[in-house]
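Following: one structure in structure tokens, then a few remarks.
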Amino acid sequence: MDIKVNVREAQGDTYVVDLNGEIDVYTSPKVKDAIGDLIDKGHYNLVINLEKVRYIDSTGLGVLIGGLKRVREHGGTVNLVCTNPQIKKIFDITGLVKIFGIYDDEDAAMKALV
Amino acid sequence: MDIKVNVREAQGDTYVVDLNGEIDVYTSPKVKDAIGDLIDKGHYNLVINLEKVRYIDSTGLGVLIGGLKRVREHGGTVNLVCTNPQIKKIFDITGLVKIFGIYDDEDAAMKALV
Amino acid sequence: MNQPIAHPNRSAGLVELRIPSKAEWVAVARLAVAAVANRLNFSIEDIEDVKLAVAEACTNCIQHAHGSDQIEITCETDSDALTIRVRDYGQGTRPEAIQSRRVDEPRVGGLGVFLIRSLMDAVEYDVHPERGTNLVMTKKVTA
Amino acid sequence: MNQPIAHPNRSAGLVELRIPSKAEWVAVARLAVAAVANRLNFSIEDIEDVKLAVAEACTNCIQHAHGSDQIEITCETDSDALTIRVRDYGQGTRPEAIQSRRVDEPRVGGLGVFLIRSLMDAVEYDVHPERGTNLVMTKKVTA
Ligand SMILES: Nc1ncnc2c1ncn2[C@@H]1O[C@H](COP(=O)(O)OP(=O)(O)O)[C@@H](O)[C@H]1O
Ligand SMILES: Nc1ncnc2c1ncn2[C@@H]1O[C@H](COP(=O)(O)OP(=O)(O)O)[C@@H](O)[C@H]1O
């Protein structure tokens with residue numbers, strides 16, 4: 001019932017945020033801080049890897065949307081890696097599939113970024 | 001939060017009961033029935049495989065003890081396969097380690113039976 | 001606040017839970033309700049839906065029901081449905097506030113009620129500016 | 001039966017749960033309490049201990065507290081301890097009945113109270129033949 005956040009530098013000026021656990025009203029501030037830090041440091045092309053996320057609620061979605069909004073102001077983007085069918089369903093019914101690039105693996109999310 | 005019970009005939013006149021799940025006050029009657037059936041049919045040398053049991057409470061222990069009592073009346077025995085440290089601990093603190101043969105794998109439990 | 005849980009129709013399958021109105025306890029509600037749902041014949045997907053709906057309801061109590069220090073969650077089970085009530089005794093809201101929207105631009109917030117309505121089969125909000133909010137939602141077991 | 005949950009010392013970290021006094025609901029108590037324990041700094045082993053102790057207490061309410069249709073479980077959390085109360089309003093017992101024993105011969109039953117006392121750091125039974133049984137048990141967080 002916790003979230004682990006890991007930030008990695010990838011090729012180009014892109015960064016990958018690995019999330020592992022559950023993103024809810026309690027844990028999402030930690031995710032928000034990690035993404036906010038990257039953006040504050042001028043990194044506007046991000047891949048957020050949700051492969052190990054077992055659960056996300058609207059607070060978590062809000063953090064992702066907030067991040068996307070901020071990087072877009074700088075011409076950047078946020079791509080997601082997501083394979084969990086329940087989480088994919090949430091992106092689907094909320095219409096967020098049309099806003100985020102959602103990919104089945106990190107490679108694809110990366111390629112679509114650069 | 002449920003239990004799956006599978007009964008297999010093994011070498012000699014021994015039977016293996018595979019348990020998968022959680023054994024508590026709700027699920028233990030199912031385990032009791034399976035063991036009782038075998039004993040009713042005259043099978044007194046049993047291996048109960050707890051490798052896939054994630055949780056057991058005193059009701060579950062009671063079912064195992066009850067089975068052992070019944071087979072002993074016929075000169076039989078019950079050997080257990082158990083690797084989960086938490087469950088091993090329960091057998092330890094209750095003193096049941098001294099009553100049951102508890103083994104790390106089915107082979108060893110089987111060999112000790114015949 | 002601190003009212004005893006009311007039991008108008010106490011039934012054999014009633015499970016009642018109270019948690020402090022704080023973010024750290026939402027996971028307890030989520031897991032307890034998932035355990036209740038597990039006792040019915042729900043699919044794993046349906047159980048995930050119920051977990052999320054309950055979490056969204058609790059999150060709204062925490063974020064919007066000012067002055068309520070507790071959230072009350074009751075689960076009533078039938079063979080063919082799970083009815084969950086989530087209520088707070090905080091500052092409530094006007095019915096118009098309980099709106100749900102789909103996202104067509106990246107805007108933060110406003111997804112909770114939408115998700116609840118999407119994931120559950122029946123959703124009824126009893127809202128009142130002073131009395132707090134009472135949400136009753138049902139998920140049917142589909143065989 | 002059906003008494004409102006009493007709150008002598010309501011604290012910020014209080015989680016309250018009521019389940020029907022039936023075998024099928026013990027798993028809900030176990031998982032809810034595990035979720036509460038997860039919020040403290042307990043090791044996985046300690047969380048398993050707490051789960052088992054709560055389950056044993058609920059099982060005893062179901063098997064011995066005749067006439068009680070509900071079990072009340074309250075969790076009070078501190079930074080360094082989890083205190084769990086399990087109570088029923090059924091036919092209680094005499095203090096002598098609450099005994100614990102180790103097994104030296106294969107005898108069925110009589111392990112529940114022993115396990116509770118072994119797994120928890122402090123255990124207090126308030127038993128009464130008519131009023132039902134009130135068990136308070138504490139597990140300390142060991143850093
Ligand atoms: N328990 C509640 N108490 C008070 N207001 C609530 C409650 N639940 C929902 N609301 C109102 O409904 C609105 C929509 O909620 P929601 O869809 O979850 O989006 P958000 O919480 O991001 O605003 C909230 O902004 C709030 O005004
Ligand atoms: N909630 C309760 N209500 C009434 N009696 C109880 C309760 N909890 C424990 N007891 C008494 O304590 C005894 C010992 O319990 P336990 O060690 O769990 O073994 P068992 O349940 O197998 O008898 C029970 O037999 C019962 O008489």
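Order of the sequence lines sets the chain letters (A, B, ...), proteins ahead of strands, with each chain counted from 1. Everything numeric in this text was worked out from a predicted model, so none of it was measured.
For residues 51-63 of chain D, every residue pair satisfying the salt bridge (Lys or Arg N to Asp or Glu O under 4.0 Å) rule, not counting sequence neighbours, is listed here: D/Glu48-D/Lys51.
Residues of residues 118-127 of chain D lying within less than 4.5 angstrom of chain B, judged on heavy atoms, are D/Ser118, D/Leu119 in numerical order.
Neither the backbone nor the side chain of B/Leu64 comes within contact range of chain D; no heavy atom of the residue lies under 4.5 Å from a heavy atom of that chain. When heavy atoms are compared at a cutoff of 4.5 Å, B/Phe100 does not approach chain D at all.
Side chains of B/Gln86 and B/Asn84: a donor-acceptor N/O pair is absent below 3.5 angstrom, by distance only.
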Could you give the side-chain donor-acceptor pairs of residues 91-98 of chain D under 3.5 Å, partners two or more places apart or in another chain?
| unit_1 | atom_1 | unit_2 | atom_2 | d |
| --- | --- | --- | --- | --- |
| D/Arg94 | NH1 | D/Glu96 | OE1 | 2.9 |

Output a table of donor-acceptor pairs, distance under 3.5 Å, between side-chain atoms of residues 36-48 of chain B and any protein atom two or more places apart or on a different chain; print 'none' if there are none.
| unit_1 | atom_1 | unit_2 | atom_2 | d |
| --- | --- | --- | --- | --- |
| B/Asp40 | OD1 | B/Arg70 | NH2 | 2.9 |
| B/His43 | ND1 | B/Asp13 | OD1 | 3.2 |
| B/Asn45 | OD1 | B/Thr77 | N | 3.3 |

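In this structure, the separation between OG1 on D/Thr59 and CD1 on D/Ile71 is 8.0 Å, given to the nearest 0.5 Å. With rounding to the nearest 0.5 Å, the separation of CG in B/Asn79 from CD in B/Glu106 is 11.0 Å.
Considering every non-hydrogen atom in both D/Leu111 and B/Ser58, the closest pair reads CB-CB, 4.0 Å.
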